[in-house]
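Notes follow once the structure below has been shown.
What you are looking at is a predicted structure, and each value in this text was computed from that prediction instead of being measured. By convention in this document, chain letters (A, B, ...) are assigned in the order of the sequence lines, proteins followed by strands, and residues within each chain are numbered from 1.
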Amino acid sequence: MTETAVRSDAAETAAPPAGPQPLTFAKALNTALADAMEADPSVIMFGEDVGPLGGVFRITDGLTARFGEERCFDTPLAESGIMGMAVGMAMNGMRPVVEMQFDAFAYPAFEQVVSHVAKMPNRTRGRVKLPLVIRIPYAGGIGGVEHHCDSSESYYAHTPGLTVLAPATVRDAYLMLRAAIRFPDPVVFLEPKKLYWSKETLDLAELRKEADDDAATGSAVGLAVVARSGTDATLIAYGPSVPTALAAAEAAASEGRSLEVIDVRSIVPFDDETVSASVRKTGRAVVIAEAPGFASVASEIVARVQERCFHSLAAPVRRVTGFDIPYPSPKLEHYFLPSVDRILDTVDELQWEDA
Amino acid sequence: MTETAVRSDAAETAAPPAGPQPLTFAKALNTALADAMEADPSVIMFGEDVGPLGGVFRITDGLTARFGEERCFDTPLAESGIMGMAVGMAMNGMRPVVEMQFDAFAYPAFEQVVSHVAKMPNRTRGRVKLPLVIRIPYAGGIGGVEHHCDSSESYYAHTPGLTVLAPATVRDAYLMLRAAIRFPDPVVFLEPKKLYWSKETLDLAELRKEADDDAATGSAVGLAVVARSGTDATLIAYGPSVPTALAAAEAAASEGRSLEVIDVRSIVPFDDETVSASVRKTGRAVVIAEAPGFASVASEIVARVQERCFHSLAAPVRRVTGFDIPYPSPKLEHYFLPSVDRILDTVDELQWEDA
Amino acid sequence: MSISTGSSAGNQYGGSMKRTGQDRSIDVGPTAEEYMLPSAQPVQLVDPQGEHVHNDRYPLPDGDELLAAYRKLVIGRRINEQANALVRQGRMAVYPSSHGQEACQVAAAVVLEKDDWLFPTYRDTVAVITRGVDPLEVLTLLRGDWHSGYDPHEHKTATQATPLATQLLHAVGVAHAAKLRGENTVVLALCGDGATSEGDFHEALNFAAVFHVPVVFLVQNNEYAISVPLKHQSVAPSLAHKAIGYGMPGERVDGNDLAAMLSVLGKAVDRARDGGGPALVEAHTYRMQAHTNADDPSRYRSQSDVEKWVPRDPITRMRTYLGNLNLLNADVERDIADAAEQTATTLRDGLNSDPDINPADLFEYVYTEKTSQLREQAALLADELSREGA
Amino acid sequence: MSISTGSSAGNQYGGSMKRTGQDRSIDVGPTAEEYMLPSAQPVQLVDPQGEHVHNDRYPLPDGDELLAAYRKLVIGRRINEQANALVRQGRMAVYPSSHGQEACQVAAAVVLEKDDWLFPTYRDTVAVITRGVDPLEVLTLLRGDWHSGYDPHEHKTATQATPLATQLLHAVGVAHAAKLRGENTVVLALCGDGATSEGDFHEALNFAAVFHVPVVFLVQNNEYAISVPLKHQSVAPSLAHKAIGYGMPGERVDGNDLAAMLSVLGKAVDRARDGGGPALVEAHTYRMQAHTNADDPSRYRSQSDVEKWVPRDPITRMRTYLGNLNLLNADVERDIADAAEQTATTLRDGLNSDPDINPADLFEYVYTEKTSQLREQAALLADELSREGA
Ligand SMILES: Cc1ncc(C[n+]2csc(CCOP(=O)(O)OP(=O)(O)O)c2C)c(N)n1
Ligand SMILES: Cc1ncc(C[n+]2csc(CCOP(=O)(O)OP(=O)(O)O)c2C)c(N)n1
Ligand SMILES: [Mg+2]
Ligand SMILES: [Mg+2]
């Protein structure tokens, strides 16, 4: 029913000092938006409460003040309207970035997303491109009430024509959003709400340079990364589950087990190469995701890995996902979310007697 | 943009003669609706063009004439409206059956389906039950134009709280629709359009008796069946892909390979027992579905099978699915759909050198 | 319409219009426009100074009725205050306050019969409690124990809706089902000004009109949807003007005037019950506090704007009016204050003890019978918890 | 509104209303109601007998303009006939005919400038061809070669929309983008009476009004949505009455009167171009044929109902009117007939040769660059086909 976790530190708009400095995930996104709008006048931002308020998570903070209300503005409260208008604007020379206020509030726009955003370029044999970005604060772990914590990536990942990205680090929040806005096709950009206030120490000037380099090479979309190297088994995660996977790997290390962690980053397109290379090396894999497991992105990763790495596998590929139940109320969510313990339990079941 | 394949034989409304007789899939559904409405006055049917026209596929043919326009009626053209009204009617003592005219035209109702139909019983700790059925003519193979051929089952199967059924035989069309209407929870009932005109010779009186028996035992939801027995590999399919799988098994038999075919029937809940028993026996499996494969029900089945049958598998579980592209225009759809040849090719790749 | 080149509808015609043409030469009965368009100004029966304002069409409720409702108004305000305090104390996760909108809240609850249905939103906690639902069950949602705590059937009160405007369609369905059975249930469906922009608002009003079902739609226009002011939501002469597009009557009311709210809503409910079909009522009110505790209104409106609404407070004017009628005296006021304090105590005490939370419940209500998948998952969690416990 | 107990809005006030109050005592300019509500009767400039009907606000287009449009009308009818024939001959999968609605189709195409945008539906093939798009490219969709065959940017004509009402929002977006860049593009967005019930219709009109963008919404009310008659779609006094709920003017027009369509749409387009904002125009017309060839209208309407509309045919009255003006003679008529026949020949010839279909195209346009997944899948299909070919 409402924003749930607003901190004011994301609201700073002053030019950041030079050199490495602590940056939140939220501020990285905010900076990426500002930089993209600065770089390209066709980039515009709209949605619910993204204007003077700066969005309920303050990701658009200061944009209206800086770029004017023609380039960052509030719409009437209607998500299909927002999405449909974005399609038209993208058809006519703009690069709209829209914010869906929360994951479950993107559902009213589902027809526009599935029947138009995903299909228009193909429908017109590429004559109509839709360079637009759908930003969705998504997933749980913030004590949000019902409808504020859905992990909705599987709906989008299953829809051909969409590119689906989920950053897990502050660095990627900046670089991937820049890449998404530059991308010629529509991108569903999933922002793990619970990471909004996570911090990294980064040099913005260098990040910007990197973004410019990527603009030349176009390498940011479609690549997974090895977030931690290991030898005994591979944890495959994305978005909000990456820190959990890393924590599990850390815990496992102290018990003498070396886990590799893959941060998928780009759900569609999917980086089979990086994932398969890791699993072929370790022979064991656990896929971690918050969404209910049934017919999900996690299912897909399990399926792909066993299709491609079957003869390297010492054990079935396992999943640690949300249960197949509606996202629970705040006091129960910790039972639902993939936890370090549940991951380690699952790793323990990977038939180590064979090893 | 419109109905595409209406045949008048589904429009017959006269009482059928006794004894075994040819029955189309469409007529079986029509009869199931009429029988359910006859049996229970709280069953009502509504949607677009389901009244005097009898639906663009004539599945509701004759119902308004027989039961009055209070029990089978047209609504204004608004799918979210239809779904939301169904929720309210189910809250208040009715058992609504709604028709979404085509798969892609159910998307405007997505928010109602995901945020309410699926969640209301859980939200209220079971105090509000939603005994409603969402009938969706779905999938392709009928030369339909864009938006008339989507295989949308994965969106629903991924949503906890929904029960998702897909009959593949005329017999099941009748029995499963009766079961769905009796079911205490919301059911997404997927009707493969290309099977509407398939025929079986059946004795309606016996079918009705069977439906009554099932009403007592409640066994129709959640069970897969072995549609054809075999020993060398298992083809796992549902809905429109079952006949294709059976044809492939038939062709394989003539080449000396014995394929078992599982008709999944109930996507959610999923019958792990039947599927796993078959794969453990044959040691090889191919999952067949029309929907784009990525993050789909087919991915889920692959994932479950390898999780549960890993040590029985002689080869990776493979998939034959639609490509990860929007459903093609009529003249190109045959390249997209799982075909007997593509299935046999895939079976050939199941590392038979081991056997 | 007269499409005149160059003029700007949006700016030229804001929200304050005079009603067209009552003085026709031949009397042919009201036109659709006269019947369905709202009155030129929001209906007001008691002004901010506590004076009665005469209205031809809407009678003033009698003193006893107003006194009873006033009591609920004061209790409602106290509920808002207590809930805010509980949030500050960390006993509750979030509270969308209806401070300033209590006249709408109370009217929405009291115009309904026991067997009628109410469809509230997240902001309508006071209406739900006023309707008689156990306050602690209501707060289950807001303290995060479960998605909803009361039995909707028991008090014919739907869960408090979060996805905007979706509940309006459920309301239509409930009314439609009742109508098909020949019951004379009326359904009152609430939403905010922002929610009127959603497609579901449109579909709900149209379905209600086409099926001619007894639903009264009450829009609490509190001028904001989180940070977005009404003028960015709609440039219609008023939200009540939307009614004619569905073929139903629309009316606008001073939403801070309890008497007007009771009279207009009451008439719409009576009319619906008598087979007159749906109606749209727009209550002009104001969200005096933040959207929720997580909001920062200083970013989008000034405190001085808010203060303009203080003199229009629904409680003050009713107290003056009832006082002038000699229906309020110190005893009565004390009695009302006690009742309000009593409710506040119930809330405080209730929220001070944590209810038992059973993780096994997670799997219990998703389906009537657990699927084999859920049985496995429930077992996994139970196993984890037993190992933790061990 | 006067909420009067027991009366039934739905039944009592159908579609024919008189306009309220023009005779005010003090002239304060038009009220919002006067400005935004449609006229009491659909605007008609040439009646079914071919006689000019005077209208204070809408001038009759001059003879040459009407003659040029009439030519397109006749060609449009011929396109409908030829397309129906091609479906019967199996050369085309499906055709939703606009027979009887050609005045709307032609007007929609000719009121726009080259740089304006048209947003058509599946039924608006004639409008798209009249706008200048290559007929064979248009028919790509209907014969099933690809989802759309023309370049939307080349003729500023969007693909023919199937998901009802969704395109109205795209139209708003195109207009908004143009407005932000200071271009004076007008967008004409088409939909049917049935589509007005969809949530996207509501959201599109509201967005257009709030952002004050130059979009003219044209509803072709042909009284049916497949089998569903208008009265089950809406009980509003008219569909044009919906406009006031968004704060824009609404107007209704005789949709079979080419002159009225040109005048009313033309004025709405001019007004939008001059910064006047959006408008809603409802054209009263009739779907003379089946929804598509797959439909069976005998199930829901009688042939005698259809025949009532024959005398209102848009071509007949325009021929009479132009004949009376001496603008039509045998030579001119023959010339027009030849042009129509020419278009029909283009369609026939074009559809008699099957275009090359390349299965590799399936993967070509999903993304600007194929994903690794699509590269694999394209290779699989190519391999299959090469083995088949071998
Ligand atoms: C479909 C949907 N979109 C967005 C939201 C997020 N949201 C919650 S309340 C709110 C503003 C609602 O404004 P209004 O309808 O005026 O009601 P008020 O809060 O003023 O009572 C928004 C945007 C939501 N709950 N549902
Ligand atoms: C969202 C959606 N729902 C359903 C359909 C199926 N359908 C195609 S045309 C049609 C009727 C449309 O009627 P109307 O808007 O009056 O246009 P007309 O066909 O009369 O031109 C329907 C229900 C669709 N195309 N899109
Ligand atoms: Mg509000
Ligand atoms: Mg129509």
Side-chain heavy-atom pair C:L385, A:Y335 within 4.5 angstrom cut-off: yes

Heavy-atom side-chain contact between C:D296 and A:R58 under 4.5 Å: yes

Enclosure of A:E349 CD (heavy-atom neighbours >12, cutoff 6.0 Å): yes

When C:A225, C:P163, C:S298 are compared by non-hydrogen pairs under 4.5 Å with chain A, the top option: C:P163

Segment of C:V366 engaging chain A (4.5 angstrom heavy-atom cut-off): side chain

Leading residue by heavy atom contact count with chain A [cutoff under 4.5 Å; candidates C:Q160, C:Q373, C:R143]: C:R143

From CG (C:L380) to OG1 (A:T346), nearest 0.5 Å: 7.0 Å

Where A:S329 and C:H147 come nearest, the two heavy atoms and their spacing: N-CE1, 3.4 Å

Chain A interface, residue from C:V228, C:T121, C:T196 that has the most non-hydrogen pairs under 4.5 Å: C:V228

Residue pair A:V145 / C:V94, side-chain heavy-atom distance below 4.5 Å: yes

Close side-chain approach of A:E146 to C:L141, heavy-atom, < 4.5 Å: no

Atom group of C:D193 that falls short of 4.5 Å from chain A, counting heavy atoms: neither

Euclidean distance, C:Y365 OH relative to A:I325 CD1, rounded to 0.5 Å: 12.5 Å

Region of A:D49 in contact with chain C, defined by heavy-atom distances below 4.5 Å: both

Nearest-0.5 Å distance that lies between atom CD1 in C:I357 and atom NZ in A:K331: 5.5 Å

Side-chain touch C:R387/A:D345, heavy atoms, less than 4.5 angstrom: yes

Residues C:D295, A:L53; criterion side chain to side chain contact (heavy atoms under 4.5 Å, CB included); working and verdict: CA-CA 9 Å; C:D295 183 28; A:L53 184 65; 4.0 Å; yes

Heavy-atom closest pair, residues A:P76 and C:S197: CB-OG, 3.7 Å

Side chain / backbone / both / neither for A:E333 at chain C, heavy atoms under 4.5 Å: neither

Part of C:R123 within contact of chain A (heavy atom distance under 4.5 Å): neither

A:S80 side, atom OG; C:D200 side, atom CG - distance, nearest 0.5 Å: 10.5 Å

Flag if over 12 foreign heavy atoms under 6.0 Å of CG, C:N352: yes

pair C:T162-A:F105: side-chain heavy atoms closer than 4.5 Å: yes

Among the listed options A:G81, A:P52, A:A104, the residue most often paired with chain C at heavy-atom distances under 4.5 Å: A:P52

Which atoms of C:E198 approach chain A - backbone, side chain, both or neither, heavy atom under 4.5 Å: both

CG on C:L362 to CZ on A:F336, rounded to 0.5 Å: 9.0 Å

Heavy-atom closest contact (C:A195 atom, A:L77 atom, distance): N-CD1, 4.3 Å

Full working for salt bridge (charged side-chain N to carboxylate O under 4.0 Å, His left out) between A:D324 and C:K370: CA-CA 11 Å; A:D324 292 315; C:K370 277 202 266 304; over 6 Å; no

Residue pair C:H232 / A:T75, side-chain heavy-atom distance below 4.5 Å: no

Heavy-atom check, side chain of A:E48 versus side chain of C:L164, under 4.5 Å: no

Enclosure of C:E81 CD (heavy-atom neighbours >12, cutoff 6.0 Å): yes

